[in-house]
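The next block holds one structure in the form of structure tokens; read it before the comments.
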Amino acid sequence: MNQVGASPPLTSAPRPIGVLLVNLGTPDAPTTPDVRRYLAEFLSDPRVIDINPLGRWLLLNLVILPFRPAKSAAAYRAIWTPGGSPLLVHGRALAEGVQAALDGASPGRFVVKLAMRYGKPAIPDVLAEMLAQDLERLVVLPLFPQYSGAASGSALERVFEAVKTAWNVPPIDTFDAFYDAPAFIDGFRDVAAPLLGPFAPDHVLFSYHGLPERQIKRSDRTGGHHCLASPDCCAKITAANRYCYRAHCVATTEALARALALPTGGYTFSFQSRLGRTPWIKPYTDEVLPELARRGVRRLAVFSPAFVADCLETVEEIGIRAHEQWKSLGGEDLMLVPSLNAHPTWVKGLARMVLDRTGVAAAPQA
């Protein structure tokens with residue numbers, strides 16, 4: 001009980017909740033030296049090129065880095081924007097949009113930042129900035145819809161490495177893969193629906209980033225008895241393939257097909273961006289395109305649902321190179337469906353995911 005004339009007890013405002021959005025990364029500029037630095041960091045990651053260290057060093061320094069940076073720099077120049085890399089431009093817009101949505105729901109409660117697994121803004125730098133704000137907790141959301149150890153796992157590993165020597169680390173919560181989350185599916189539906197009608201595609205292709213088959217097999221919780229062991233191993237998510245990237249891609253494909261009311265037989269999924277000579281998950285996008293052309297498809301719409309922001313793999317690999325391949329096959333037209341970027345449905349849905357995970361109630365609307 002307060003005595004007469006005593007000061008009332010002090011009350012403190014809740015400490016902020018940090019929200020760290022993590023994407024893959026981008027070179028600083030579309031030049032050969034900048035791309036070489038970026039690729040050196042990216043491809044040195046043992047989760048990306050998962051072979052013995054000596055083999056990885058030899059592959060990177062004798063095969064990839066002497067030749068690939070110049071070619072990749074030319075590809076980046078073809079898509080570079082006045083604001084920089086599309087991935088970084090869209091990532092910043094997403095973080096700003098989510099920050100505004102969370103401020104509208106619970107003013108002053110959240111701090112939203114974007115970091116890249118490779119390149120800048122680097123995870124350790126962004127985390128140092130966030131931890132200086134005395135966070136109540138930290139929520140980490142890797143922006144990879146389908147789980148893979150090479151992307152999601154590597155991003156989370158880097159986050160925990162970056163904070164292991166800090167003394168002011170709050171409780172950390174991480175998001176799971178969101179391959180069929182309503183925010184993700186509804187966002188792509190709302191991006192695509194206004195475009196598909198006017199374009200009138202004969203067929204829809206869902207093209208995902210590929211992975212080596214060996215990485216898929218390593219995710220098999222049965223020890224190798226399920227993943228890639230039968231033609232229908234990815235038909236549904238079970239305990240055996242809970243962390244299977246390919247199964248997540250199949251689930252995304254079916255969820256998007258339902259959301260867009262695509263007819264049975266009117267869509268296909270495939271995998272792009274393979275590297276090296278070892279087997280990668282199939283079917284391959286550059287081999288599916290000729291098959292579709294032979295079947296009489298002329299107008300093709302292509303989604304890239306492994307990416308939540310347009311980047312080299314969407315704008316250049318599909319929007320430019322796959323488009324050129326399609327035309328050379330006699331196709332009439334190929335339309336790249338834009339990624340989610342900072343579409344309002346995705347921004348609102350992502351903010352809702354954060355509110356639901358943290359249990360913070362939205363403020364009543366006036």
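Start at 1 with the first residue, then count along the sequence.
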For Asp45 and Arg158, run salt bridge (Lys or Arg N to Asp or Glu O under 4.0 Å): C-alpha distance rounded to whole Å, both residues' side-chain angles, the deciding distance at 0.1 Å, then the answer.
CA-CA 10 Å; Asp45 187 341; Arg158 190 71 181 106; over 6 Å; no
May I ask you to decide if Ser273's main-chain N or O and Glu317's side chain share a donor-acceptor pair within less than 3.5 Å?
yes
The criterion is side chain to side chain contact (heavy atoms under 4.5 Å, CB included); which residues satisfy it with Pro33, sequence neighbours excluded?
Thr31, Arg37
Closer than 4.0 angstrom, basic N to acidic O: yes or no for Glu213 and Arg246?
no
Charged N-O contact under 4.0 Å between Arg298 and Asp202:
no
Within-4.5 Å side-chain heavy-atom neighbours: [X] and [Y]:
| X | Y | answer |
| --- | --- | --- |
| Lys348 | Arg352 | no |
| Phe188 | Pro305 | yes |
| Leu289 | Leu205 | yes |
| Ile216 | Ser148 | no |

Residue pair Asp310 / Asn341, side-chain donor-acceptor N/O under 3.5 Å
yes
Does a donor on one side chain and an acceptor on the other come within less than 3.5 Å for Tyr179 and Thr253?
no
Heavy-atom count around [X] [atom1] within 6.0 Å, excluding the residue itself: above 12?
| X | atom1 | value |
| --- | --- | --- |
| Lys282 | NZ | yes |
| Arg274 | CZ | yes |
| Tyr243 | OH | no |

Report the C-alpha separation of Trp280 and Tyr245 in whole Å, then their side-chain angles, then the decisive distance to 0.1 Å, and conclude whether the ring-ring contact (aromatic ring centres under 6.0 Å, His included) test is met.
CA-CA 12 Å; Trp280 282 44; Tyr245 173 80; over 10 Å; no
Between Glu136 and Arg109, is the salt bridge (Lys or Arg N to Asp or Glu O under 4.0 Å) condition met? List the steps.
CA-CA 10 Å; Glu136 176 185 301; Arg109 195 71 174 92; 3.1 Å; yes
Geometric class of the Tyr267/Phe206 ring pair [parallel <30°, tilted 30-60°, perpendicular >60°]:
perpendicular
Value for NE2 (His209) from CD (Gln146), rounded to nearest 0.5 Å, stands at 12.0 Å
List, by chain and number, the other hydrophobic cluster members for Val89, where Ile, Leu, Val, Met, Phe, Trp and Tyr join if side-chain heavy atoms come within less than 4.5 Å, directly or indirectly.
none
Let's go through Asp286 and Arg321 carefully: what are the C-alpha distance in whole Å and the side-chain angles of both, what is the deciding distance for salt bridge (Lys or Arg N to Asp or Glu O under 4.0 Å) to 0.1 Å, and is it a yes or a no?
CA-CA 10 Å; Asp286 61 347; Arg321 278 190 282 150; over 6 Å; no
